[in-house]
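What follows is a single structure, written as structure tokens, with notes after it.
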Amino acid sequence: MSWTIKQRIDFYLPEFRPPLLPRRIRLLLLGLLLHAAILLLVTLALAVMIRYQHQQGLTLQAQQQPLEQAIAEQRALRPPLVEDAQLLQQRQQAREQLQSAQSVLMYLSRQQLQDSQRFTPLVMQLAEQDIAGIWLTEFSVTQQGRAIALYGYVDQPAKLSRYVSTLLARPAYQGRAFRVVDVKQSEHAWMAFELNSEARVQAAGSQP
């Protein structure tokens, strides 16, 4: 009896192989596995750090307790603090002196401001003087504005009289007078002059 092969089947054909996942799905699953592994490692690392910090906290707490106990014992041995009456009195005196000094400082500052405001018209009206041939080099205002002295040069003494009359006619200089009017020949062609509202104090034994 002979056998004749009617049909052959090739089991290595693709339809007989087990199904394969697409490439994109395989990559996605691989990525998920990698992320899960990284998350697990991070979680383990955090757990180790938390445990380490906890141990450190326990160690510091154990070291702190003897120190706090020693501090409490030292406080118990020392008498309670009592304020010294003499020191309290000195502190009160220092505060009163400070307040007094501040009051004086405020008064002096206010007085200086008032003086500067009082001297402003004198200086401004002096600056308005404009007479040819007179050169003002220096001036001073003392005794809270009661004493005025002017120094400078003049080419003709007659001009100094007109300078004085126009200056004393100004509002800030009304009621004032120059008791000293001195004109001297200088090294230059101009003559030096001095106008002073205060009389000169003569030295003892000098001739008037």
From [X] atom [atom1] to [Y] atom [atom2], the distance as rounded to the nearest 0.5 Å:
X	Y	atom1	atom2	answer
W190	Q156	CH2	CD	10.0 Å
L40	H35	CG	NE2	14.0 Å
R91	E96	CZ	CD	12.0 Å
T59	Q63	OG1	CD	6.5 Å

Hey, does T166 have a side-chain heavy atom less than 4.5 Å from the side chain of Q129?
->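 SC-SC contact between Q129 and T166 confirmed.
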Are any non-hydrogen side-chain atoms of P171 and Q125 less than 4.5 angstrom apart?
->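 The answer is yes, as the side chains (C-beta and beyond) meet within the 4.5 Å cut-off.
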Residue pair [X] / [Y]: nearest heavy atoms and the distance that separates them:
X	Y	answer
T43	L39	OG1-O, 2.7 Å
K159	I134	O-CD1, 3.5 Å
W135	F193	O-CE2, 4.1 Å
V183	M191	CG1-CB, 3.9 Å

Please identify each residue that fulfils side chain to side chain contact (heavy atoms under 4.5 Å, CB included) with R176, with sequence neighbours left out.
->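 Residues passing side chain to side chain contact (heavy atoms under 4.5 Å, CB included) with R176: L122, I148, L168, Y173.
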Does the pair L136 and Y151 meet the rule for a side-chain contact (heavy atoms from CB on, under 4.5 Å), with working shown?
-> CA-CA 6 Å; L136 187 65; Y151 305 91; 5.7 Å; no
Sort and list the pairs that fulfil salt bridge (charged side-chain N to carboxylate O under 4.0 Å, His left out) and have at least one residue in residues 31-50, not counting sequence neighbours.
-> none
Any salt bridge between R170 and E128, counting N to O under 4.0 Å?
->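 Salt bridge: yes.
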Would [X] end up clustered with [Y] when hydrophobic side chains under 4.5 Å apart are linked, directly or stepwise?
X	Y	value
Y163	V141	yes
L195	V123	yes
F178	I131	yes
V154	F139	yes

Q86 atom CD, over 12 foreign heavy atoms within 6.0 Å |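 Counting neighbours around CD of Q86, 12 or fewer heavy atoms of other residues, nucleotides or ligands fall under 6.0 Å, so no.
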Is there a donor in the side chain of Q93 and an acceptor in the side chain of Q97, or the other way round, less than 3.5 Å apart?
->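 Not at all, the side chains of Q93 and Q97 share no donor-acceptor pair under 3.5 Å.
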Test log, rule side-chain contact (heavy atoms from CB on, under 4.5 Å), inputs L28 and R24 = CA-CA 6 Å; L28 178 61; R24 293 182 179 178; over 6 Å; no
Going by the side chain to side chain contact (heavy atoms under 4.5 Å, CB included) test, name the single residue among M49, Q56, H54 that passes it with Y52.
->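 Exactly one pass, corresponding to Q56.
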Run the side-chain contact (heavy atoms from CB on, under 4.5 Å) check on L150 and L126 step by step: do they pass?
-> CA-CA 10 Å; L150 306 178; L126 179 62; 3.8 Å; yes
Between E68 and Q64, is a side-chain hydrogen bond (donor to acceptor under 3.5 Å, both in side chains) present by the stated rule, with each step listed?
-> CA-CA 6 Å; E68 291 179 352; Q64 185 178 1; 2.8 Å; yes
Is the backbone N or O of R162 less than 3.5 Å from a side-chain atom of S165, with the two atoms forming a donor-acceptor pair by type?
->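 Looks like yes, one N/O pair under 3.5 Å.
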